[in-house]
Structure formats: structure tokens, C-alpha cells
Amino acid sequence: MNIRGKFFRALAVSAVTGASLLTIGSSSGAASSGTLAMGAPVKIGISLSLSGDFSADGLAYQQGYQLWAADVNKHGGLMGHKVVLDIVSDASSPTQVVTNYQKLISTDHVNLVFGPYSSLLTLPAAKAVSRYGYAMIEGAGGAPSVFQAGLKNVFDVTLPVANDLQPFAKWIASLSASKRPTTAAYVTSNDPFTQPQLPVAQKIMEKAGIKTVYNKVFAAEQTDFTPIADAVASAKPQVVVLGAVDVPTVSSFMQAFEQSGYNPKVFIATAGPDQGSSFLKAVGAKNANGIMVPNSWYGGSANPMSKVMVAEYIAKYGGTPSGVNADIAEAYAVGQTVAAAVNATKGFNNAAIIKYLHSGVVVQTVQGATSFNSLGQNLNMTAYTFQWQGKKFVQINPASDANSVKALFPKPAWGK
Amino acid sequence: MNATALIDAAKDGILTGSVYALMATGLTLIFGVMDIINVAQGILVILGAYLSYALSVHLGIDLFLGLLITIPSLFVVGVVIERAFIGRLKGPEKTAMSILVTYAVSLLIEGALNIIFTVNDVQLHASYVNKSFLIGGIHFSFIYVAGFVMAVILLSALYFMLYRTRFGVSVRASLADQTSAALVGIDVRRVSTICFGIGVAVTAAGGMVYGATNAFNASTSYDLISRLLTIIVLGGMGSLGGAMIAGVSMVFIGDMVGVLWSPVWSTMAYFVVLIIVLLLRPQGLFGKPIARVA
């Protein structure tokens, strides 16, 4: 290349770099100014898993966000600005989610962002978003790894997942010696959402004298669960604690257990059974009977805001309260938290929103009281255990809670 | 770890692996005859599963009886895809272009399935799906045994068609050299269209068994196609017997590693074997070492 060619090439590179910096600068400026022209809509950027492994959850999150946006717009919008959701699909990919948020902020110039689905995607997304100074308020990034990253812009409106199984394990441990199971199996995906939950339960249950007869981790990419389920079945544990992230995993274990003639006294999965009608459709209502799942919300919640949201959801999509996916409430709560911060700071300044949410303020959402510690964890919420009893999804513990009903124990035979 | 767990893993590997082989058969047949890498095969398996689901839920048709409808339906789908897209691919870049074209077909079908059935997971149900029978103290799942039997029957039928019929001679002649086959009067285009149709039709059976043993949605196709491609690479692209052996090997190796060592290494173990085989035999276990003439 001659000198003239090199000069033009250097000029072109400088121009592209400069333009990129200007784009980032201008978008950061828009984010930090926090003001919008009269009548201009407030744009909220969201990356969701509308295809791929988390697509069922991604769809539920989309419905939850849209339900919230429709409610807000019905009441005049956010600070008088109509809410417009800019939703793009990340196909459940931890790399695509980063590209999506970068594009939403630097090209689409969204004013705010809401979180994606799953801890696996929330961590890289939050890191990308933090570089632009945006707040990442989310409902599905409760894994310890998300908070250990030391990010100041992450706020998870849902209970941190690490302690989700505590009430369940304590309930098992509290059973009288004659009723208490004596053996347990712990089998989990190595997904960051689910794997940290099992050792907490195992520790409590082992302390109560419940012997561990199977304890294995499988890869998140695993698709054929029959041999693992058969290995669990041949160990014949009375309690099975399954670390799952989706319905197909739970469904495969249930089917393999039934086919091998094995029925545990207690079967709890960390996710899957909380997906309402989707779970019932996949496994069949009769087989779901007695299956448990930990979570912090369910369709039958007595929270008045939750009741309104559930009624609105059913009016729009049909079904029953038991069929409402917990993801809907998580997404809706994200919107409510952001709305509270925007109203309190009187604008869309992300730095002010981050500062406000770190102030210890308590925001009421459909999931209950929400406030954040320095890591962005919501420690206000309580973990519950839910169980399918017939076609009803009910809360069974903590037993001290007025809304808890008696657990179906031991689990009925498959199909009964 | 006890002996029962080990026997269970071996049994699961053989039975489940045969279902994967059934799904991979169409892929290897299409490549063998047409030099087409059909990456839409995964979504076509799921389409087969959804067709069985629709017939079962809306018309109450039994899953196995439904195959009498879904297999011909998918044959027609295959013929339409071949006529509309694949048959138009010409020239030396045909194989590479086929990946792009069939990926586009895959996205179209995925989008349509998401609109019709939503992204929520579903599973095929019938009274026998969760049932099993005991032989020597080992539980055998009805649906997996049925899948294994179907795989053996369909693969045998395909083998018979290829090696014992006049059409099979045309197929093998096209497989060996399309230009020479055309010169001796074989309608290579027609053979290709029918082979593509057959390759897609067999996915209906694989899809039904898969849908009865796994909850699925349209996105499940991505996991499936990656597995199916590795099966035909290990077995040798174009080899029917290779697909059967590789399908069973893939699940068997994973299952044994899962029981003897840890499930976390199951998937990786198969890929280690695949890499070793490809280092020693780049054409796969039963693939032909010499490149075909288009």
C-alpha cells in the first residue's frame, strides 16, 4: 500500500472510531440527562429469549412486561410519557444478549433497560449495560454469580435463588422421625441459577439424619435424561431434589421414574413446575399431583396488587390463577420497581435511578416488598414452597404463613 | 454404582440411540444421494412431532395410527421443499449453498410453528407412553422399545429399497455419479425429489417417538440438528448403517460415562470419541473415502 493509501485508511479508521465514540457518548448523554421532550415516548430496551432453550420463559416475561406497560399507559404513562417497549430476541444466547443491549442503547437510544431471562444471560447483559451507565433492573438473575460480579447497576426484584430450597429442607427436617424420609438424591444441571440451590438443602437435610444416596451434576447441554433418572431410581431415594431450569428436564425425569416403577415420597424441582399451565400440558395434570417447586410468588397470592395483575392476565390470556407462570409476576415487578424509581427521581436519569434504588427504599410490587442491599439483592422477600395438588398450584410452606395449606405427603402414585 | 444402573445405562443407550438413528437416517440419505446437507432436518423432526400432537389432541388419533397420516404428509412437505428450493441449487457450490437454503427453510418452519403452537413446551401423551414391562428385573419402556423396533423396520425397508428394487438401482447410480446416471436414462431430478421426500418422511416416526419421550417446542430443533449432524459425521455421511451405529454409539457412550464417571462429562465423552475417529478416519466409520463427482 502506498503512502496515500495508508493515509486514507488511517483517516477512515479514525472516522469510524470517532463516530462510534460519538454514538456511545451521545447515547450516554441521553441516558444521563434524564429528560424527555414533551409528548415523546419513553423507550425501554429489553432482550428476551423468544427462541432457544429459554423461549417458554422468554414468552412469559414478554407477556409480563407488556401487561405492565399496558397498565402504565392506561394511567397516563411514566411521568406523562407513553411507555414503548423495544423487545429483541437473544435466542437464549449469552453472547447475543450482549450485542442486543449494546444495540438497544447505542443505536436505538432507549432511555431505560429491563433485564433478560435467566442468570446465565443476566450477568453478561448487566456487565455490558453497566459500561453505558444504565441501571439493569431484572427479575430472573438471582444466582450468586450475578451478585458476585461486583456490579453497582444490578437490581434483582426476586429473591436470591441460593436460599430458595431452605423452607422445603426445613419442613422435611421438621417432620417427626416416623414420617421423616431417610434417604435423598440431589441431581442438578450445572446452570448458575440452579446448582447453588441444592447444597443448601442437602446440608439441612443431612443434619436431620437424611442420608444422601445420590449426588450428581449434569451438563446444562444434556438432553437425554433417562440414564441419569434411571440411576437415581436404582438408588431408591425417598426424596428427589432436582436442579432444573425448564419443563422438559423435569418432564423427562418424571417419565423415566414412572417407567422404571419408582415413585419418590417427595419430588421437588427448582424450576419447571412453576410454569403454570405449560407444565401441566407437558406432564399431564394427573402426573403433576404432588410435585413441588420453590419460588417467591404464585397465582393465588393474597397480595392485592398481585390479585389485580392476575385478573388482568386472565382477562387477556385466559386460564386460571394456578396456570399463571411465576415469570409474569417477576417481569411485572421489574416494571413496578422502575416506575417507582422514575417517579421518585422525577426523570429517566439512570445514575439517579441507581442511587435511589441503593438508598434502601422499599418498593411495593406484585411480588411483595422490594428493597436492595449493596449487591442489588432483594432480601425482603420470603421463599415459599409450592405444590401441585390436582390442577391447583398451592402454597405449602412456611407452615407459619396463613396462606399455606397442608402438603400432599407422601406424593401420590404416578397418574393418581 | 450398582450393576443394575450399568445395565440400565446400556439398555437406554441402545434404545434411545436407535431413535436418534431413525431421525438421522433421512439426513444421511439426502446427503448420500443429493450432496445436500439438510440442516432443516431438526425442525422437520419437530414438525413431525407437532403433527402427531395435533392429530392426537384435536382428533383423538392414536400416536402410532397417526403415523399413517404424518409419514405421507411429511413426504409431501419434503417434495415441496425439494421442488421449491433444493432442486434449484446447481454448480460446485451446491452443497455449501444447501446449508444456507435449508437453514432458511428451518427458520420459516420454526416461525410458523411458534405462531401456531406458541413456544410453550408440549409432550405427546397416550396410555402406553409412560408404561414399561419387566424382563429379568430390568424395566423396558414401551415407547422406546417401539421406537427401536420402528427404527429397525424403517432402516431395513430403506435398505431393501436401495438394494433390492429398480428404484434403488437408480438411487445408487445417482449416488455414484449423477452425470453418468443421467446418460443411461435415469431421471436424476425425479430420483432426488423422491429421496428428499423419503428422507423427510422418516422424520415423522422419529419425531413422534421423540415427542412422546421429551417435552418440546420449535426451538428444540437446534439441540436436535446438532446431534443429528454429529451422528452422520461419525457414521459416515451417506451411510444408513453408519447412522444406526453412530446414533446408538452417541447415546451409549454418553450414558455409560454418566453412570461410570459423571453425567457432567456425558456429552463431552462422545465428542472425544468423534474427534478420535475423525483423526483416524476422516470420512467417518462407514463413509466413502473418495469424493463423488457431481
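Here the structure is a predicted model, which means the values were calculated and not measured. Labels below follow one simple rule: chain letters A, B, ... track the order of the sequence lines, proteins then strands, and each chain is numbered from 1.
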Please tell me whether B:S221 and B:E110 have a donor and an acceptor in their side chains that are separated by less than 3.5 angstrom. no

Do A:S322 and A:T320 meet the criterion of a side-chain donor-acceptor pair at a distance under 3.5 Å? no

side-chain contact (heavy atoms from CB on, under 4.5 Å) between A:F218 and A:T249: does it pass, once the steps are laid out? CA-CA 11 Å; A:F218 56 84; A:T249 308; 4.0 Å; yes

B:F142 versus chain A, the contacting section by heavy-atom distance below 4.5 Å: neither

Okay, B:Y53 and chain A: the region with an atom under 4.5 Å from a heavy atom over there is side chain

Measure up the A:F225 and A:F253 rings against each other and bin them: parallel (under 30°), tilted (30 to 60°), perpendicular (over 60°). tilted

Out of A:V283, A:N190, A:D53, return the one with the most heavy atom pairs under 4.5 angstrom to chain B. A:V283

Does NZ in A:K216 sit with more than 12 non-hydrogen atoms of other residues, nucleotides or ligands closer than 6.0 Å? yes

Looking at B:F140, does the NZ or CZ of B:K11 lie under 6.0 angstrom from its six-membered ring centre and within 45 degrees of the ring axis? yes

Side chain, backbone, both or neither: which part of B:A212 has a heavy atom under 4.5 Å from chain A? backbone

Against chain A, residues from residues 112-138 of chain B with at least one heavy atom under 4.5 Å, in numeric order, are B:V119, B:N120, B:D121, B:V122, B:Q123, B:H125, B:V129, B:N130, B:K131, B:S132

Begin with the C-alpha distance, continue with both residues' side-chain angles, and end with the deciding distance and a verdict on side-chain contact (heavy atoms from CB on, under 4.5 Å) for B:I37 and B:T102. CA-CA 8 Å; B:I37 298 174; B:T102 53; over 6 Å; no

Parallel under 30°, tilted from 30 to 60°, perpendicular over 60°: which one fits the rings of A:F267 and A:W414? perpendicular

Determine the option with the most heavy-atom pairs under 4.5 angstrom with chain A, choosing from B:T220, B:L15, B:V264, B:T213. B:V264

Non-hydrogen atoms of A:N325 and A:W297 that approach each other most closely: O-CZ3, 3.9 Å

What residue, out of A:L59, A:V247, A:T223, has the most heavy-atom pairs lying under 4.5 Å from chain B? A:T223

Quick check: closest heavy atoms across A:V250 and A:P273, and the distance to 0.1 Å? CG2-CD, 4.1 Å

Proximal component of A:Y214, with respect to chain B [non-hydrogen, under 4.5 Å]: side chain

Contact class of A:N287 relative to chain B, heavy atoms under 4.5 angstrom: side chain

